[in-house]
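Step one of this worksheet: look at the structure below.
Each chain gets a letter, A, B and so on, in the order its sequence line appears, and its residues count up from 1. What's counted below: heavy atoms across the whole structure, side chains too, no hydrogens, waters or symmetry copies.
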Amino acid sequence: MDKKDVARILNEIATLLELKDENPFKIRAYTNAARALEASDIDLTEKTTVEELTRIKGIGSHIAERIKILMDSGTLPLYEELKSTIPPGLVEMLKIPTLGPKKIKYLYDNLGITNVGELEYACIENRLVDLPHFGKKTQENILKGIEAIKKYKEQFLYASVIDGALEVWEKIKNFKYVIRSSIAGSLRRKKEIVKDIDIVASTDESLKVMDFFTSLKEAEEVIAKGDTKSSIRLSSGINVDIRTVTDEQFPYALHHFTGSKEHNIAMRTMAIKDNIKINEYGLFKDDKLIKCYSEEDIYNFFSMQYIPPELRENFGEIEAARNNTLPELIEEKDISGIFHIHTNFSDGNMSIKQCCEELIKMGFEYAGISEHSKTAQYAGGLKEEQIELYFEEIDRLNRQYENQSFKIFKGIESDILLDGSLDYPNEILEKFDFVIVAIHSSFNLSEEEMTKRIIKAIENPYTTMLAHPTGRLLLARDPYKVDIIKIINAAAENNVDLELNASPFRLDLDWRVCKYAKEKGVKIFINPDAHSIQNLYEYKFGVNIARKGWLEKEDVGNTLSLKEMEEYLKNKKMERLKKVSK
DNA sequence: GCCGTTTTCGGCCCGACTGTTTTCAGTCG
């Protein structure tokens, strides 16, 4: 430990004290002491005495004592105590311009926000606009600030990079020396989180492609430039890697760079049994190239079905493709309506009417509006006396839409309380067409308690579906501890549906367990959890993940037509209540 | 928490700017 280390710790203490809303002059004392120490010519060692330290102007007896303790033991109780009581995410939030300790503390105390990711999500859910001394502009500025600091993180949400990736690819695709090209890698596989953007291109003029690529105006920085491989960084902070091959090699390279690594390994292992070697340049038997013009040809050569990129995760797709049992994956056009929508009856920023008009424009047949329930006060959850008004508005609009074959289903997103019970008495729950249940509080239970709590909610006869089953916020908040397999089993036993929350921040149910849910016969609903018009379109991200999870049209609830959905919801309610009354 | 002193408490830099709010709080430099 030297002078620099001590100064750093003093500064950190100052920051942590700020977040505790301590006396500003005490805070300044620590900052001043740090600066004074660094500026002094003292040779700080274990032998340095408290008296020597207090001789420095700006370091008094208290801080001198603490520096002494630090030098002697390498640690300081005050410092450790502060670190343990203040979430590290709060310190990170200070990096956001326009956001200082006061506001951070307010957000932490009142909304329980502990890191940048949660904050971003709260902004997107419009939860800051009504706080005292916050507002629309403040919320926007915070979002802008978050964008700025996110640049330098190494992981990216699919949704935040796909547009930029497509723009760059578009330019490569249209460059006159490029013959064929494609996005590859995890982005092509539609992973929820990606590290970089991979592009594969075929050309006879690789150097020209490299020059073109590295001089794109999108290239904030050129990371590497070689003869067949280059890398640039976009202003969003993500790297784009390009790899060029001859056109003959293109399908093999595309397959190779699409991955996943695990899929490639499994493919190679399979090929070895036929004495075939696979690499990015081709399929080889006794060093002789087996000609393929496309990826389809490659799979065909092994007598396999074509495996869509989303499935290439070595999750059983190779065996299925050989047995001709790959699923016929759901597509965007299969979705007939959207559930889990918040409007300005709770924390959404659109009216029910605006929402429905957009959905009609999008070609959908129904909307399942589901405001927050009364416990979710932070989100303007519906108090019991507001429900009649909410129903009246829906009835009024439904009369208008009758001729347009569009219908609004009356729903609620009911908080699952700590003991697993729901937020309203049965006589209120019974009035809704559907009831979505969800955890929004007390995330820190043990796995056993949390699982029990959720299963109790699933067993409630009024429950239609479970929203965001693990509560994760990608790159921000880990899932709460829950035995997801037991949850799926309980959903299957109780005829309760599971949501695949399509918000690009959630994508929860995880695709890795979708296949299991499908096998248990649980219906999945792809829900955008929309709070705005723009959010309505995010169902598409959910479709991506559903595809990764092997789901077909028939596995997904909201592919039913309006007529079918009316029946479905009615029957489900009846059957579940009947079962209980027995 | 530091400093200074008319020696043990009272002051500690402050104005511009923004976004709220309708007179002010918070952030920045």
Side-chain angles (χ1 to χ4, degrees), chain A residues 3 5-42 44 48-72 75-83 85-87 89-116 119-120 122-150 347 349 378 380:
Chain A
K3 220 156 76 172
D5 294 323
V6 174
R8 182 181 49 80
I9 290 173
L10 292 176
N11 274 321
E12 259 189 79
I13 290 172
T15 305
L16 294 167
L17 290 173
E18 270 195 300
L19 290 167
K20 284 212 127 167
D21 204 16
E22 265 280 5
N23 175 355
F25 301 106
K26 182 172 170 179
I27 295 161
R28 193 178 306 159
Y30 275 94
T31 320
N32 287 343
R35 189 166 342 110
L37 181 67
E38 271 198 299
S40 79
D41 52 12
I42 194 170
L44 193 60
T48 310
T49 62
V50 170
E51 287 72 33
E52 284 175 285
L53 285 164
T54 50
R55 254 178 254 147
I56 302 169
K57 189 167 151 24
I59 297 179
S61 56
H62 277 85
I63 294 183
E65 288 281 358
R66 290 184 166 146
I67 294 175
K68 184 74 187 148
I69 294 169
L70 255 177
M71 292 307 292
D72 287 345
T75 159
L76 182 65
L78 166 75
Y79 177 53
E80 297 303 330
E81 214 260 323
L82 283 170
K83 277 203 297 188
T85 53
I86 297 169
L90 298 192
V91 178
E92 202 198 342
M93 281 159 70
L94 278 168
K95 289 185 201 149
I96 301 169
T98 75
L99 203 55
K102 291 259 179 5
K103 285 198 161 128
I104 290 172
K105 183 166 191 296
Y106 188 87
L107 291 169
Y108 175 55
D109 290 342
N110 292 280
L111 297 184
I113 289 170
T114 62
N115 61 45
V116 176
L119 177 61
E120 180 177 22
C123 290
I124 284 166
E125 280 197 329
N126 257 332
R127 281 162 48 196
L128 268 55
V129 283
D130 290 321
L131 301 179
H133 297 290
F134 287 77
K136 195 154 173 268
K137 211 56 188 275
T138 306
Q139 185 172 272
E140 270 168 28
N141 284 338
I142 290 174
L143 270 178
K144 265 189 224 155
I146 292 174
E147 280 308 311
I149 66 165
K150 260 212 264 176
D347 62 346
N349 70 358
Y378 67 87

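By the salt bridge (Lys or Arg N to Asp or Glu O under 4.0 Å) test, A/Lys26 pairs with A/Glu22, sequence neighbours left out. Residues passing the salt bridge (Lys or Arg N to Asp or Glu O under 4.0 Å) test with A/Arg28, sequence neighbours excluded: none. By the side-chain hydrogen bond (donor to acceptor under 3.5 Å, both in side chains) test, A/Glu52 is found to be paired with A/Thr49, residues two or more places apart in sequence or in another chain being considered. For A/Asp72, the side-chain hydrogen bond (donor to acceptor under 3.5 Å, both in side chains) criterion is met by no residue, not counting sequence neighbours. In terms of the salt bridge (Lys or Arg N to Asp or Glu O under 4.0 Å) criterion, A/Glu38 has no residue partners (sequence neighbours excluded). Partners of A/Arg35 under the salt bridge (Lys or Arg N to Asp or Glu O under 4.0 Å) rule, at least two apart in sequence or in another chain, do not exist in this structure. Take A/Asp347 and apply the side-chain hydrogen bond (donor to acceptor under 3.5 Å, both in side chains) test, not counting sequence neighbours, and it matches A/His372, A/His531.
Nucleotides B/dG11 and B/dA16 are separated by 24 Å at their P atoms, to the nearest Å. Distance check on atom P: B/dT22 versus B/dG15 gives 24 Å, rounded to whole Å. When the P atom is used for both B/dC17 and B/dG10, the distance is 36 Å, rounded to whole Å. B/dT23 and B/dG29 have their C1' atoms separated by 24 Å, given to the nearest Å. Rounded to the nearest Å, the gap between the C1' atom of B/dT20 and that of B/dG26 is 10 Å. Nucleotides B/dC9 and B/dC13 place their P atoms 22 Å apart, quoted to the nearest Å. Look at the C1' atom in both B/dT6 and B/dG1: the space between them is 24 Å, to the nearest Å. Distance noted for atom C1' between B/dT8 and B/dC3: 12 Å (whole Å).
Rounded to a whole Å, the NZ atom of A/Lys26 is 12 Å from the C1' atom of B/dC2. Rounded to whole angstrom, the span from the CD atom of A/Glu140 across to the P atom of B/dT18 amounts to 15 Å. One atom, CD1 of A/Ile67, and another, P of B/dC2, lie 9 Å apart when rounded to the nearest Å. The interatomic distance linking A/Leu131 (CG) with B/dG19 (P) rounds to 17 Å, in whole Å. Rounded to an integer number of Å, the gap from A/Ile56 CD1 to B/dG1 C1' is 16 Å. Straight-line distance from the CG atom of A/Asn141 to the C1' atom of B/dT18: 8 Å, rounded to whole Å.
Near-neighbour residues of DNA chain B inside residues 106-114 of chain A, defined by a heavy atom below 4.0 Å, are absent.
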#### Entry: Nucleotide-resolved protein contact map, nucleotides 23-29 of chain B, B/S/- at heavy-atom distance under 4.0 Å
--SSSS-
## Note on the structure
Going 5' to 3' through nucleotides 7-12 of chain B and flagging B where a protein heavy-atom sits under 4.0 Å of the base, S where only the sugar-phosphate is that close, and - otherwise, we get -----B
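Shown here, B/dT8 forms no base pair; nothing in the strands shown gives a Watson-Crick or G-U wobble contact with both key distances under 3.5 Å.
Side-chain proximity of A/Lys57 to the nucleotides B/dG1, B/dG4, B/dT20 is greatest for B/dG4. Distances from the side chain of A/Ala29 to the nucleotides B/dG1, B/dT20, B/dG4 place B/dG1 closest.
Legend: side chain to side chain donor-acceptor pair (under 3.5 Å) pairs involving residues 56-65 of chain A, not counting sequence neighbours: none detected. Every pair passing side chain to side chain donor-acceptor pair (under 3.5 Å) that includes a residue from residues 104-114 of chain A is listed here, sequence neighbours excluded: A/Lys105-A/Asp109, A/Thr114-A/Glu118.
Contact annotation: A/Thr138 does not reach the phosphate of B/dT18 (side-chain N/O to OP1 or OP2, under 4.0 Å).
Across all strands, A/Ile27 comes closer than 4.0 Å to no nucleic acid atom at all (heavy-atom distances).
The pair A/Glu51-A/Arg55 does not meet the salt-bridge criterion, since no charged nitrogen lies less than 4.0 angstrom from a carboxylate oxygen.
Separation of atoms CG (A/Leu70) and CG (A/Leu78) is listed at 9.5 Å; rounding is to 0.5 Å.
Formation of a donor-acceptor pair under 3.5 Å by the A/Lys3 side chain with backbone atoms of A/Ile42 is found in this model.
Contact annotation: the side chain of A/Leu53 approaches that of A/Leu44 to within less than 4.5 Å [non-hydrogen atoms, C-beta and beyond].
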